[in-house]
Amino acid sequence: MTAHIIDGKAIAQEVRAEWKVRADALKARGIMPGLAVIIVGEDAASKIYVGNKVKACAELGIHSEHIALSADTHEATLLAKIAELNADPAIHGILVQLPVPKHIDSNKVLEAISPGKDVDGFHPQNVGALVTGSTLFPPCTPYGAMKLLEKTGIEIEGKHAVVVGRSNIVGKPMALMLLHKNATVTICTSRTRDLARHTRDADILVVATGKPQMITGDMIKPGAAVIDVGINRLPSGKLVGDVDFDSAKEVAGWITPVPGGVGPMTITMLVANTVQAAERGAK
Ligand code: NDP
């Protein structure tokens with residue numbers, strides 16, 4: 001069996017087109033959705049992510065501000081900048097690219113962002129609301145993974161979903177979102193005994209571990225939907241996921257490639273959250 005490839009690039013284009021219609025409707029009413037992205041320091045990967053976020057806003061024709069602060073910026077200066085953006089009516093979404101330098105308390109930073117502008121969905125108020133199914137902003141990566149399932153027509157209700165990884169930004173919110181769609185959810189971590197026993201029982205398998213190619217074909221149930229969140233660069237320079245694509249695609253029913261799977265969706269959902277924030281403000 002060879003799996004259907006879930007084309008994240010194509011689905012991201014489709015979803016962006018849907019949100020462009022909504023952004024254009026706001027612009028026709030004189031409201032320009034605006035996103036502020038703050039980066040502190042010189043982390044090369046973070047710079048690329050921020051550049052891609054700003055580019056996605058430009059493609060959709062919405063306003064974005066790229067605020068680059070030096071690595072030695074005081075925490076108080078960053079918090080003051082966030083307070084300024086919280087009060088700025090031209091800005092509907094604020095995100096601070098993580099990680100921030102060690103001398104800055106990332107929890108303090110996330111709590112400083114107004115929950116109504118927290119387009120990454122990391123403010124404790126939005127995280128809490130995610131548990132009850134009422135968050136203003138679903139975190140972008142799991143939100144994007146859910147969209148891939150929805151757009152591919154993969155049924156979630158009643159299915160056994162296994163999420164490997166429990167980070168605050170991917171694993172935990174992903175598990176909650178699947179639960180809200182009535183999946184039976186198992187969460188696996190580095191402490192899970194006999195991981196393969198769990199993954200082999202998954203109708204939907206979501207992998208977010210940061211361990212290159214750790215899930216192999218023999219760990220997958222025939223016909224399963226496999227969502228690979230991982231992005232890892234091998235010493236050879238090749239980009240791979242947390243799933244061994246070549247062996248997995250022979251067993252799975254559907255699978256996301258890396259690159260071109262979840263990655264393009266993350267930025268798309270960030271733009272979606274920004275437009276949605278502007279819509280809320282316009283009511
Ligand atoms: P974290 O390092 O924060 O979390 C990794 C999780 O995986 C932890 O919960 C850890 O368990 C678990 N884990 C690690 N090894 C194993 C193992 N052998 N068996 C089972 N569980 C294991 O990573 P993130 O969630 O931030 O990111 C995960 C991956 O997703 C990375 O490759 C990252 O680059 C990628 N990513 C991709 C994005 C995208 O846009 N596509 C966005 C964000 C991340 P424990 O808690 O016990 O330590």
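Keep in mind that the numbers below use all heavy atoms, side chains included, and drop hydrogens, waters and symmetry copies. Residue indices begin at 1 and follow the sequence shown. Start at 1 and go down the list; that is how both ligands and their atoms are numbered. Bear in mind that the values here come from a model prediction, so they are computed numbers and not experimental data.
With a 4.5 Å cut-off on side-chain heavy atoms, I231 and L239 count as touching.
Closest of all the heavy-atom pairs between I215 and L195 is CD1-CD2, 4.1 Å.
Within the structure, side chain to side chain donor-acceptor pair (under 3.5 Å) contacts touching residues 77-99 (residues at least two apart or in different chains) are K53-Q97, K81-E84. Sorted by first then second residue, the side chain to side chain donor-acceptor pair (under 3.5 Å) pairs that include residues 99-111, not counting sequence neighbours, are E75-K108.
Crowding of K27 atom NZ: a count of heavy atoms from other residues, nucleotides or ligands under 6.0 Å exceeding 12.
In this structure, L234 shares a hydrophobic cluster with V240, the cluster being traced through Ile, Leu, Val, Met, Phe, Trp and Tyr side chains under 4.5 angstrom apart.
For ligand 1, the 4.0 Å heavy-atom shell takes in T141, V164, G165, R166, S167, I169, V170, T189, S190, L195, A208, T209, G210, K211, M214, V229, G230, I231, N232, D242, V262, G263, T266, ordered by chain and residue number.
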